[in-house]
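Below is one structure, written out as structure tokens; the observations come after it.
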Amino acid sequence: MFVSEAISKINYALRGVDDDAPLVGDDDYNQWLSALNSKKDDYANDVKQRWAATFDIKSVATVVAAGTQIYDLPVDFIAPSDEVYVVDTNGQRHSFTLIKPQQRQRNGSGQVFISGVNPKKLNFSADITADSPLIGGTIQAPGYYRPADMTLPTDELPFDDPNWAVMAAAAEIAFGDAVYETKAADLTEKANELYSNMAKANRVLTYGNARTVPYNNRQQITSPGQR
């Protein structure tokens, strides 16, 4: 769904067929687009969800020298996934385990942790030696990243279900406008239902692929008399 269509749907949710949707640059258009971007940030920052749609692998930096290694993560970084890795100049991959800052060790080779805010920083637990193959390599950070703000009518809504953003933005607008406030509760209820369904869909397995079930196939050894 494009922004232009979302604005039209917000208009319908608030006004029905009584008025045309606001045009680009109108006060209402700017307010409604701001509400969509607000919902985008709410969606991405929900600590109870890790949306598959926000997953990406981004290059952080090049390891340029030996010594202590601390790098700024991208400003849109939200949370890591499972690891950080460095691709060296020979194309070899070196994986690092993500730990909590309080778990770091002076000789914690193979470990990284995240600290700070605005921006968050990626820290290597152990210094990199002068002969390390990592020098000159590129740091890759798989994780969850906040989608960019929508600005143009042709921008696509970055949600699993764009209709949730439409209902949620309309509800936010209705709560703040006496003209539409009687619709706020119904719009919120619809938005909450769509969000719940969106979250459930995000948690399900990939279609047609069952999760491997761990099992213990060791033979049970019984002692005499227990047969």
Side-chain angles (χ1 to χ4, degrees), residues 1-58 73-81 117-120 141-209:
M1 184 186 298
F2 295 115
V3 166
S4 56
E5 184 181 354
I7 294 294
S8 294
K9 287 191 172 186
I10 291 173
N11 183 74
Y12 181 77
L14 293 173
R15 301 171 175 173
V17 295
D18 292 340
D19 290 298
D20 293 333
L23 300 176
V24 176
D26 290 349
D27 288 343
D28 281 348
Y29 183 96
N30 292 337
Q31 180 195 4
W32 297 4
L33 179 58
S34 177
L36 284 172
N37 280 316
S38 174
K39 295 302 107 182
K40 181 261 300 180
D41 290 342
D42 290 344
Y43 160 86
N45 292 328
D46 185 347
V47 296
K48 296 181 180 179
Q49 305 293 333
R50 285 292 175 256
W51 304 104
T54 64
F55 179 83
D56 199 359
I57 301 175
K58 294 194 176 185
L73 287 162
V75 294
D76 55 356
F77 176 84
I78 299 173
S81 59
V117 292
N118 300 324
K120 293 182 172 67
Y144 300 90
Y145 293 83
R146 185 178 302 103
D149 280 355
M150 297 165 279
T151 58
L152 302 175
T154 53
D155 286 343
E156 289 195 52
L157 272 64
F159 308 102
D160 301 71
D161 184 358
N163 288 310
W164 164 76
V166 168
M167 290 295 111
E172 181 174 301
I173 295 162
F175 271 117
D177 193 323
V179 175
Y180 310 121
E181 64 181 356
T182 57
K183 298 185 176 183
D186 287 341
L187 290 170
T188 298
E189 183 177 354
K190 292 178 182 178
N192 288 342
E193 181 179 359
L194 290 171
Y195 194 86
S196 177
N197 291 337
M198 187 168 61
K200 290 176 183 176
N202 186 64
R203 290 193 296 267
V204 299
L205 301 177
T206 302
Y207 177 77
N209 291 289

Can you name the side-chain hydrogen bond (donor to acceptor under 3.5 Å, both in side chains) partners of [X], sequence neighbours left out?
X      : answer
Tyr145 : none
Asp76  : Lys58
Asn45  : Arg146

Evaluate the criterion side chain to side chain contact (heavy atoms under 4.5 Å, CB included) for residue pair Leu14 and Leu187; output intermediate values, then yes/no.
CA-CA 9 Å; Leu14 293 173; Leu187 290 170; 4.0 Å; yes
Do you know the tightest heavy-atom contact between [X] and [Y]?
X      : Y      : answer
Lys120 : Ile78  : CE-O, 4.0 Å
Ala35  : Ala169 : CB-CB, 4.0 Å
Gly25  : Asn30  : O-ND2, 3.5 Å

Provide the full list of ring pair (Phe, Tyr, Trp, His ring centres under 6.0 Å) pairs with a residue in residues 165-187, sequence neighbours left out, each pair given once.
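Found none.
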Just by distance, no angles: are the side chains of Tyr195 and Asp161 close enough, under 3.5 Å, to form a donor-acceptor pair?
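Checked: Tyr195/Asp161 side chains show no N/O donor-acceptor pair below 3.5 Å.
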Review item, side-chain donor-acceptor pairs of residues 149-160, under 3.5 Å, at least two apart:
| residue | atom | partner | partner atom | Å |
| --- | --- | --- | --- | --- |
| Asp149 | OD1 | Lys40 | NZ | 2.5 |
| Thr151 | OG1 | Asp155 | OD2 | 3.4 |
| Asp155 | OD2 | Thr151 | N | 2.8 |
| Asp155 | OD2 | Leu152 | N | 2.8 |
| Asp160 | OD1 | Tyr43 | OH | 2.5 |

Which residues pass the salt bridge (Lys or Arg N to Asp or Glu O under 4.0 Å) test with [X], not counting sequence neighbours?
X     : value
Lys9  : Glu5
Arg15 : Asp28
Asp56 : none
Asp42 : Lys39

With sequence neighbours excluded, tell me which residues meet ring-ring contact (aromatic ring centres under 6.0 Å, His included) with Tyr144.
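Counting only residues at least two positions away or on another chain, Tyr144 forms a ring-ring contact (aromatic ring centres under 6.0 Å, His included) with Phe55.
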Which residues pass the side chain to side chain contact (heavy atoms under 4.5 Å, CB included) test with Ala52, not counting sequence neighbours?
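Only Asn202 meet the side chain to side chain contact (heavy atoms under 4.5 Å, CB included) criterion with Ala52.
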Sequence neighbours excluded, every pair satisfying salt bridge (Lys or Arg N to Asp or Glu O under 4.0 Å) that has a member inside residues 188-202
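Found none.
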